[in-house]
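Working notes, beginning with the structure itself.
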Amino acid sequence: MAAVAQCVRGALRPRLPLLSVALRTSPRLLCAATQQKNTGQNLEEDQSQSQNEQKVEPSSVEKLLAEEKAKLEEQLREVTEKYKRALADAENVRQRSQKLVEEAKLYGIQSFCKDLLEVADILEKATESVPKEEIKDENPHLKSLYEGLVMTEVQIQKVFKKHGLQRLNPVGAKFDPYEHEALFHTAVEGQEPGTIALVSKIGYKLHGRTLRPALVGVVKEA
């Protein structure tokens, strides 16, 4: 038996160094394999991260572009609105200026017309003061004077009409405070209250605007 055991130990002794070498080298091989595996995993993670970054970056750029586009559209809208308001204001100013110019052309002679109305009143009183029964061929001077006054009055009324002056002789018309000025109220049979019974002084309008109201007497209720 002792001889058999010694033979077995002798047979195993040459193989022990090989096993020890294998045991010593196997950890290195395991570390190298582990490192290769970790390196592969890191590469895959880096690739996936770069892909995610590539996916994220375009979306961020698109978001920035969309925000910039919205800002530019808002600025364009504001500028357009300001431009439209400026155009409207300019048009309003132009229309007001044009209206003022037209009114100046129409009513620029208003003061001059008022002065001429006094002359027309004097002519009217002069023709009314001449006795009609005295206007005969036997009184040629008076007749000529009267006819001259009448012609002058007719001519001045033509000039008034040419320049937009209109007489207001509203006997029997309804009282209008914008065209008439009531001097008194009186009861008159057969006439409706509120109508004009008497015109004391002729009124005038210049291009539809009352230049001088007619001085009138108004019928009141009995």
Side-chain angles (χ1 to χ4, degrees), residues 12 14-117 158-168 170 173-182 194 203-214:
L12 291 175
R15 295 181 181 179
L16 288 174
L18 296 174
L19 290 174
S20 61
V21 171
L23 291 174
R24 285 196 302 269
T25 56
S26 59
R28 296 179 181 177
L29 295 174
L30 290 173
C31 292
T34 305
Q35 290 178 356
Q36 290 178 356
K37 184 178 180 180
N38 292 333
T39 304
Q41 291 178 353
N42 293 332
L43 290 174
E44 291 178 357
E45 291 178 356
D46 293 339
Q47 290 177 357
S48 62
Q49 185 177 359
S50 63
Q51 291 177 357
N52 292 331
E53 290 178 354
Q54 290 176 358
K55 291 180 180 178
V56 171
E57 288 179 358
S59 61
S60 300
V61 172
E62 290 176 357
K63 184 177 180 181
L64 292 174
L65 290 176
E67 292 177 355
E68 188 67 21
K69 179 183 177 183
K71 290 180 182 179
L72 292 175
E73 288 178 349
E74 182 65 23
Q75 291 177 0
L76 177 61
R77 191 180 301 110
E78 292 178 358
V79 171
T80 304
E81 290 178 356
K82 289 180 180 179
Y83 176 70
K84 290 180 179 179
R85 286 197 296 268
L87 284 180
D89 293 339
E91 181 64 20
N92 291 334
V93 171
R94 187 191 67 81
Q95 291 179 359
R96 286 197 297 268
S97 301
Q98 184 177 0
K99 185 177 180 181
L100 290 174
V101 170
E102 291 176 355
E103 289 182 352
K105 290 180 180 179
L106 292 176
Y107 305 108
I109 59 173
Q110 183 171 334
S111 299
F112 180 68
C113 290
K114 282 184 177 181
D115 294 337
L116 283 180
L117 294 183
K158 287 182 179 179
V159 173
F160 285 172
K161 186 177 180 180
K162 180 180 178 181
H163 293 279
L165 270 172
Q166 178 185 356
R167 281 168 58 95
L168 294 176
K174 277 285 187 181
F175 177 77
D176 186 353
Y178 296 102
E179 296 182 356
H180 314 136
E181 182 178 345
Y204 284 89
K205 295 175 72 175
L206 178 61
H207 295 292
R209 179 187 295 179
T210 301
L211 182 63
R212 188 183 73 181

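Below, all heavy atoms of this structure are taken into account, side chains as well, without hydrogens, waters or symmetry copies.
To the nearest 0.5 angstrom, E81 atom CD is 10.0 Å from L76 atom CG. Atoms CG and CD, from L165 and Q110 in turn, are 9.5 Å apart once rounded to the nearest 0.5 Å. The CD atom of Q166 sits 6.0 Å away from atom CG of L168, with the distance rounded to the nearest 0.5 Å. Taking CZ of R212 as the start and CG of L117 as the end, the distance is 5.0 Å to the nearest 0.5 Å. A distance of 8.0 Å separates NE2 in H180 from OG1 in T210, rounded to the nearest 0.5 Å. Here NZ of K69 is found 12.0 Å from CD of E62. Values are rounded to the nearest 0.5 Å.
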Decide yes or no on side chain to side chain contact (heavy atoms under 4.5 Å, CB included) for E67 and L64, but give the supporting numbers first.
CA-CA 5 Å; E67 292 177 355; L64 292 174; 4.2 Å; yes

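Of all heavy-atom pairs spanning R209 and Y107, the tightest one is NH2-CE1, 3.4 Å. Between A214 and G203, the shortest heavy-atom contact is CB-N, 3.6 Å. In this structure, K205 and E179 approach most closely via the heavy-atom pair NZ-OE2, 2.9 Å.
The neighbour count for K161 NZ, taken as heavy atoms of other residues, nucleotides or ligands under 6.0 Å away, does not exceed 12.
H163 contributes no side-chain N or O that, together with a main-chain N or O of L206, makes up a donor-acceptor pair within less than 3.5 Å.
Salt-bridge annotation for E74 and R77: present, with a side-chain N of the basic residue lying under 4.0 Å from a carboxylate O of the acidic one. Note on R94 versus E91: salt bridge recorded, some NZ/NE/NH1/NH2 to OD/OE distance being below 4.0 Å.
Cation-pi check for R167 over F160 is not met; the charged atom does not lie both under 6.0 angstrom from the ring centroid and within 45 degrees of its normal.
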